[in-house]
Amino acid sequence: MDFKLLKTDTQTSARAGVITTDHGQIETPIFMPVGTVGSVKGVSHRELENDINAQIILGNTYHLYLRPGLDVLKQAGGLHKFSSWERPILTDSGGYQVFSLADMRKLTAQGASFRSHIDGSPHLFTPENVMDIQRTIGADIVMAFDECPPGDADYEYARKSLDLTEKWLERCVQRFDTTEPLYGHSQTLFPIVQGCVYPDLRKRAAENVQKYNRDGYAIGGLSVGEPAEVMYQMVEVVNSILPKNKPRYLMGVGTPENILESIALGIDMFDCVMPTRNGRNGMLFTSEGIINIRNKKWQTDFSPIDPFGPTFVDSRYSKAYLRHLFIAGEMLGPQIASIHNLGFYLWLVKEARKHIVEGDFLPWKNAMVKKVSKRL
RNA sequence: GGGGAGAUACCAAAGUGGCCAACUGGGGCAGACUGUAAAUCUGCUGGCUUAUGCCUUCGUAGGUUCGAAUCCUGCUCUCCCCA
């Protein structure tokens, strides 16, 4: 993997760049749609490629390991071939499931033992086998196995958790660097900076990950319950330490506002379930603000969903029709909303990139933040 | 013509003397959702701007009772069976 920094903003820390992988290029800053089990829920590949212009999507190690399982993935020739997705893929390590499935796992120095949320069967994730699983999945970018502690973790817990994440990182790198990709394209490993909401821990973590000299670095453990302001402070602390010539990936973030502010702080990559999950639940993100399409106020609003939006659904379908689909429980509703939201997210980061390159990012960003966070 | 059953809030449907402004489901209205156990979950749904408070409600008109959606009587309407 290669990263070229094309432009750094003069008024903010925003950057525009290009990542090159064996499956193609990614223009940063970028938003990566989440496709946990090898599918961006409710959205077809054709729509992802042609309408949304997704340049890279996510998969999840834990979920793909349980279903369809490693045998199937291996026989298929990896996730790219299995799912017929020829652009880049990034897989999360299952570290987030250490957090979200906390009541079904146990942490030890060795790793994390899970009970499957599907059938209750026991499984052990270690830094080593998580690297092996991600080799089998075959993502272009694979993530280190970490612990993602909750946003309200106290200092003692946060410190111990970071100790664990750092030990696991050492083992992840060791394993990754002594194994080979299985399908003829190269893979790269991103470490994850943890440390909760404690600046000194974040600082220590950001310094620690650099000794492995990887192609990119991620910031994890944010947007897990802490206030947005605290998240921005942590991003600032970490980004002041991470090398400038490597992409920085803020995991799991976020709202359009979060993304714009984090781009200004020097983040290059984002992923979040919000455009798809909230979309399925009737929430539309637009350049004019946030819409709950189920609300009665849209019942007879026959104007397009988003007249200047980038995807075909934006101009083709009206708000009233989309509301009707949601109220009637038609699955087309969530599909349209997901396509719209992803199209908007990709449009937003593309615009941000354009303004970084053109040199007027800051005023554009400030005006945009105001608009996108408004409730309509 | 004869016999039987029933009328409860937007709909369906519990409740058959006080714990009933009334279970539950649907519908409606609103909210939540940030490296996806989510096409999920939560709240409200007679009125009074808030209520452990007040007022009006269980077809309708009366009655019994300290107290009635619940018991009694008349009326209206609906459904089923037999002719």
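Bear in mind that the values here come from a model prediction, so they are computed numbers and not experimental data. Residue numbers start from 1 in every chain, and the chains themselves are labelled A, B, ... in the order their sequence lines are given, proteins ahead of strands.
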For this session: Would you kindly check if the NZ (Lys) or CZ (Arg) of A:R171 is within the cone defined by 45 degrees around the ring axis of A:F176 and under 6.0 Å from the six-membered ring centre?
Result: no

Exercise. So what does A:N292 touch, heavy atoms closer than 4.0 Å: a base, only the sugar-phosphate, or nothing?
Worked result: sugar-phosphate

Which donor-acceptor pairs under 3.5 Å do side chains of residues 323-333 of chain A form with protein atoms, sequence neighbours excluded?
from	atom 1	to	atom 2	distance (Å)
A:R323	NE	A:R294	O	3.1
A:R323	NE	A:N295	O	2.9
A:R323	NH2	A:R294	O	3.3

Problem set entry | Residue pairs fulfilling ring-ring contact (aromatic ring centres under 6.0 Å, His included) with at least one residue in residues 3-53 of chain A, sequence neighbours excluded | A:H23-A:H80, A:H23-A:H185, A:F31-A:Y345, A:H45-A:W85

Seminar exercise, completed: Out of B:G31, B:U34, B:A37, minimum distance to the side chain of A:L101 belongs to B:A37

Problem set entry | C1' spacing across the pair B:A14 / B:G6, given as an integer number of angstrom | 15 Å

Exercise. If the P atom of B:U56 is compared with that of B:G62, how far apart are they to the nearest Å?
Worked result: 15 Å

Exercise. Of the nucleotides B:U34, B:G35, B:U36, which has the atom closest to the A:T255 side chain?
Worked result: B:U34

Problem set entry | A:A228 or A:M331, whichever maps to the more 5' nucleotide of RNA chain B | A:A228

Exercise. Sequence neighbours excluded, which residues qualify as ring-ring contact (aromatic ring centres under 6.0 Å, His included) partners of A:Y65?
Worked result: A:H123, A:F125

Exercise. Do the side-chain N or O atoms of A:Q97 get closer than 4.0 angstrom to the phosphate oxygens (OP1, OP2) of B:A37?
Worked result: yes

Exercise. If you look at every strand shown and take non-hydrogen atoms under 4.0 Å, does A:L90 touch a base, only sugar-phosphate, or nothing?
Worked result: nothing

Problem set entry | Dot-bracket notation for RNA chain B, counting Watson-Crick and G-U pairs under 3.5 Å, with | for partners on another strand | ((((((((.[[[..)..(.....]]]((((((.......))))))(((....)))...[[[[[..)....]]]]]))))))).

For this session: Would you indicate which nucleotide in B:A32, B:G35, B:U34 comes nearest to any side-chain atom of A:N281?
Result: B:A32

Problem set entry | Given RNA chain B, 5'-ward residue of the pair A:Q194 and A:K296, judged by closest heavy atom | A:K296

Seminar exercise, completed: Of the candidates B:G31, B:C29, B:G35, the side chain of A:D271 sits closest to B:G35

Problem set entry | Same-atom distance (C1') from B:G18 to B:U76, integer angstrom | 31 Å

Exercise. Contact class for A:L58 vs. all strands (heavy atom < 4.0 Å): base, sugar-phosphate, or nothing?
Worked result: sugar-phosphate

Exercise. Do any side-chain nitrogens or oxygens of A:S100 fall under 4.0 Å of OP1 or OP2 in B:A37?
Worked result: yes

For this session: Answer yes or no: does a side-chain N or O of A:N60 lie under 4.0 Å from OP1 or OP2 of B:U36?
Result: yes

Exercise. Is there a donor-acceptor contact under 3.5 Å linking the side chains of A:R87 and A:Q55?
Worked result: no

For this session: Determine which pairs satisfy ring-ring contact (aromatic ring centres under 6.0 Å, His included) with at least one residue from residues 220-270 of chain A, sequence neighbours left out, and list them in order.
Result: none

Exercise. Can you tell me if A:D146 and A:T165 form a side-chain donor-acceptor pair at under 3.5 Å?
Worked result: no

For this session: Of all the heavy-atom pairs spanning A:I339 and A:I52, show the shortest one and how long it is.
Result: O-CG1, 3.9 Å

Exercise. For residues A:T8 and A:R15, is any side-chain donor paired with an opposing acceptor at under 3.5 Å?
Worked result: no

Exercise. So, is A:R375 close to the B:A32 phosphate, meaning a side-chain N or O under 4.0 Å from OP1 or OP2?
Worked result: yes

Seminar exercise, completed: Against the side chain of A:R280, the closest entry in B:C33, B:G35, B:A39 is B:A39

For this session: Report which part of the nucleic acid A:D146 touches: base, sugar-phosphate, or nothing (heavy-atom distance under 4.0 Å, all strands).
Result: base

For this session: Output yes when at least one side-chain N/O atom of A:R277 is less than 4.0 Å from OP1 or OP2 of B:A39, else no.
Result: no

Problem set entry | Which nucleotide in B:A37, B:A38, B:G35 has an atom nearest any side-chain atom of A:S93 | B:G35

Problem set entry | Short side-chain N/O contact from A:N278 to OP1 or OP2 of B:A38, under 4.0 Å | no

Problem set entry | Pairwise C1' distance, B:A61 and B:C54 [rounded to whole Å] | 27 Å

For this session: Mind running a 4.0 Å heavy-atom check of residues 102-137 of chain A against RNA chain B and sending the residues that fall below it, in number order?
Result: A:M104, A:H117

Exercise. Which listed nucleotide (B:C29, B:A39, B:U34) is nearest to the side chain of A:R323?
Worked result: B:C29

Exercise. Between the side-chain atoms of A:R294 and the base atoms of B:G31, is any donor-acceptor pair under 3.5 Å?
Worked result: yes

For this session: Identify whether any heavy atom of A:G221 sits under 4.0 Å from a base atom; if not, whether one sits that close to sugar-phosphate; answer base, sugar-phosphate or nothing.
Result: base

Exercise. So, is A:T36 near the phosphate of B:U36, with a side-chain N or O under 4.0 Å from OP1 or OP2?
Worked result: yes

Problem set entry | Nearest non-hydrogen partners of A:Q194 and A:C148, listed with the distance | NE2-CA, 3.9 Å

Seminar exercise, completed: Side-chain contact check for A:H63: nearest option of B:U40, B:U36, B:G35 is B:U36

Exercise. Regarding A:Y217 and A:Q210, is there a side-chain donor-to-acceptor distance under 3.5 Å anywhere?
Worked result: no

